[in-house]
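To start, the structure under review is shown below, and the notes come after it.
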Amino acid sequence: MQVLFVASECAPFVKTGGLADVVGALPAALAREGIAVRVLLPAYPAVAAALEEAEPLMDLGRLFSGPARLVAGRVEGLDLIALEAPHLFERPGNPYLGPDGLDWPDNHLRFGALCQAASRLALSAPKGWRPDLVNAHDWQAALTPAYLTFSGKPAPPTLITIHNIAFQGLFPRKVASLLNLPSKGFTPEGYEFYGKVGFLKAGLVYAQAIATVSPSYARELRRPEFGMGLEGLLTARRAELTGILNGIDLTVWDPEHDPHIPARYGARRPERKAVNRKALAERFRLEPSDSAPLFCVISRMTRQKGLDLLLEALPRLLDTGASLALLGSGERDLEAAFSAAAKANPGRIGVVLGYDEVLSHLLQAGADSILVPSRFEPCGLTQLYGLRYGTLPVVARTGGLADSVIDANEAALAKGVATGFQFAPIEAGPLGDAIERAAALFAEPKAWRAMVRRAMRHPVGWDSSAARYAALFRELVQP
Ligand code: ADP
Ligand code: GLC
């Protein structure tokens, strides 16, 4: 089976978050299921540079007042198709934001172009290649099912994957005609969302099926607290909505073969983490106690990620004797508050503001525990990396966090199945409680070590989830 992924990010070429990790890793896992995936991405400078040997695939003529074409090539084990449209994508840096830190004013055209290119590719079979199914990821790709539907031509079935419903791609009504969307679709049953054009809404309406990145999030999305206005639509389509937990790329995230950490280790020798802990402490100027955990955070700094709750819980974290290393960037007030906390607690709290892929590996390898206090989390990948690295996750009980970490409650401890700590409700008090529970267990080295080994052996690769995607694709292709 041939599948076309349409996405705005793909690791290792362009990444702002977990979407890139998933789009970059799932194709290899699907290949083992007999499914050949090609990934259509905008030819941002980083993608164009990686695709030096690309072959022309399809000329698109002019797309939103500039020349555009598709080129294809194989790089880093991925079959990429890049949309070359220099007037839209020849801009370095973050794929969504201009140098002023604001969304590019023409993002509707940039990602509308991506979707038009995807639909023309799926319909016209250039060089004899025609996908059996199109899987669009998040709002940037979500007009693809709409264009295919509006074309009126026989088209392959479509699946839209929701990685985060908080980002919907909403634009003023007037963009509909610029994007060649027929006005008859501008209704609540179509792509209209409270008077605006909703890219994600369109995908959720016009795709044959909807996937999201964990079973819990699939249920949460049908509730107003999580659905962000789309809960009604998702409830109506619940028979076509599936939650499949993300996996991780074990060729990139494996403490036994990680080139980015000073000491490699496996479940049989987790004590070698101590070498990485020391390197991490030096890098963050920490003097962590041996009898209390060194916690870490690797995160976008936004309200979603609940880092304000962590700020509130910091005194309790420090009271246990623990320390904290944080790597993140995002909202200025959160960045400032954590920097101030580091300044006020030298040797105990260390903060690096910015985005640093290599440093994130050292944090996973050197910390004892990773904190993920998200208010909502469709899947979350850092807790999965934490499991693999024996860095026991402390997580909010929501979405994929709830689905991937087994809480160290009495029953789970007695049965020997716990892999981390969950807390609910998602507030500073319960977060503080979970931090204290982790610190108390850390003070029992035998119990902690057993849990570290167990976490490291917990399956977090893509195999079982890729099999679920493959089954879903087959159902859609041969209903
Ligand atoms: P989200 O996609 O919502 O940000 P995920 O947990 O799914 O959350 O994925 C985040 C990805 O981005 C992970 O690979 C994580 O390691 C990475 N990441 C987040 N912040 C940083 C940072 N400041 N530096 C390096 N990597 C980061
Ligand atoms: C989104 C979500 C995150 C998820 C990632 C990959 O960015 O916020 O929870 O892990 O997509 O699916």
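For ligands, and for the atoms within them, numbers begin at 1 and follow the listed sequence. When a residue number appears, it is its place in the shown sequence, counting from 1.
- Here's the thing with Ser360: none of its N/O atoms is less than 3.5 angstrom from an N/O atom of ligand 1.
- A distance-only check finds no donor-acceptor pair linking the side chain of Glu377 to the backbone of Val395 [under 3.5 Å].
- Under the 4.0 Å criterion applied to side-chain N and carboxylate O atoms, Asp249 and Arg388 are not assigned as salt-bridge partners.
- Checking side-chain atoms of Ser465 against main-chain N and O of Trp462 turns up no donor-acceptor pair under 3.5 Å.
- Look at Arg223 and Glu220 and you find no salt bridge, because none of the NZ, NE, NH1 or NH2 atoms lies under 4.0 Å from a carboxylate O.
- The side chain of Val213, and not its backbone, has at least one atom closer than 4.0 Å to an atom of ligand 2 (non-hydrogen atoms only; side chain from C-beta on).
- At least one heavy atom of Gly354 sits closer than 4.0 Å to an atom of ligand 1.
- In terms of N/O distances under 3.5 Å, ligand 2 is not approached by Lys305.
- Heavy-atom contacts of Gln304 reach the following atoms of ligand 2: 8 (O) (cutoff under 4.0 Å).
- Look at Lys15 and Glu357 and you find a salt bridge, because one of the NZ, NE, NH1 or NH2 atoms lies within 4.0 Å of a carboxylate O, short of that distance.
- The protein heavy atom nearest to atom 8 (O) of ligand 2 is Asn164 ND2, 3.2 Å.
- Protein heavy atom closest to atom 2 (C) of ligand 2, with residue, atom name and distance, is His163 O, 3.1 Å.
- A salt bridge is defined here as a Lys NZ or Arg NE, NH1 or NH2 lying under 4.0 Å from an Asp or Glu carboxylate O, and Arg32 with Asp463 meets this definition.
- We find that Arg264 and Asp258 are not joined by a salt bridge, their nearest charged nitrogen and carboxylate oxygen being 4.0 Å or further apart.
- Ion pairing between Glu271 and Arg449 fails under the 4.0 Å rule for side-chain N and carboxylate O.
- The protein heavy-atom contact nearest to atom 10 (O) of ligand 2 is Gly380 N, 2.8 Å.
- At a 4.0 Å cut-off, not a single heavy atom of Gln383 sits close enough to ligand 1 to count as contact.
- Under the 4.0 Å criterion applied to side-chain N and carboxylate O atoms, Arg316 and Glu436 are assigned as salt-bridge partners.
- Between Trp253 and His361, the ring-plane angle classifies as parallel under the 30° and 60° cut-offs.
- Distances below 4.0 Å separate heavy atoms of Gly18 from the following atoms of ligand 2: 5 (C), 6 (C).
- Taking every heavy atom of Gly328 and a limit of under 4.0 angstrom, the matching atoms of ligand 1 come to 23 (N).
- The protein non-hydrogen atom at the shortest distance from atom 3 (C) of ligand 2 is Glu377 OE2, 3.3 Å.
- For Asp333 and Arg303, the salt-bridge test fails: no basic side-chain N is under 4.0 Å from an acidic carboxylate O.
- Paired with Cys296 under the rule side-chain contact (heavy atoms from CB on, under 4.5 Å), one option of Leu327, Leu363, Asp368, Leu371 passes, and it is Leu363.
- Only backbone heavy atoms of Ser299 (N, CA, C or O) come within less than 4.0 Å of ligand 1; its side chain stays farther off.
- The aromatic rings of Trp139 and Phe111 stand perpendicular to each other, their planes meeting at an angle above 60°, with 30° marking the opposite boundary.
- When only interatomic distances are considered, the shortest N/O to N/O separation between Lys305 and ligand 1 falls below 3.5 Å.
- Within 6.0 Å of CZ in Arg397 there are more than 12 heavy atoms belonging to other residues, nucleotides or ligands.
- Close N/O approach between Cys379 and ligand 2 is found [any backbone or side-chain N/O within under 3.5 Å].
- Of the protein's heavy atoms, Tyr355 CE1, 3.5 Å lies nearest to atom 21 (C) of ligand 1.
- Here the shortest heavy-atom distance to atom 14 (O) of ligand 1, taken over Asp249, Asp21, Leu381, belongs to Asp21.
- Checked by atom type and distance alone, the side chain of Arg453 never pairs as donor or acceptor with a backbone atom of Pro270 at under 3.5 Å.
- When the options Val372, Val297, Asp356 are ranked by their closest heavy atom to atom 25 (C) of ligand 1, first place goes to Asp356.
- Heavy atoms of Gln364 come nearer than 4.0 angstrom to ligand 1 in no pair at all.
- Looking at atom 12 (O) of ligand 1, its nearest protein heavy atom turns out to be Lys15 CE, 3.6 Å.
- For atom 15 (C) of ligand 1, the nearest non-hydrogen atom of the protein is Thr382 CG2, 3.6 Å.
- With a heavy-atom cut-off of 4.0 Å, Asn246 touches ligand 2 through its side chain alone.
- By the 3.5 Å distance cut-off applied to N or O atoms, Asn164 is not counted among the residues near ligand 1.
- The atoms of ligand 2 that sit less than 4.0 Å from any heavy atom of Val22 are 6 (C), 12 (O).
- Counting heavy atoms closer than 4.0 Å to ligand 1, residue His163 contributes nothing at all.
- Of the N or O atoms in Gly18, one or more lie within a sub-3.5 Å distance of an N or O in ligand 1.
- Taking a cut-off of under 4.0 Å to the non-hydrogen atoms of Arg300, the atoms of ligand 1 that pass are 1 (P), 3 (O), 4 (O), 20 (N).
- Between Tyr389 and Tyr265, the ring-plane angle classifies as perpendicular under the 30° and 60° cut-offs.
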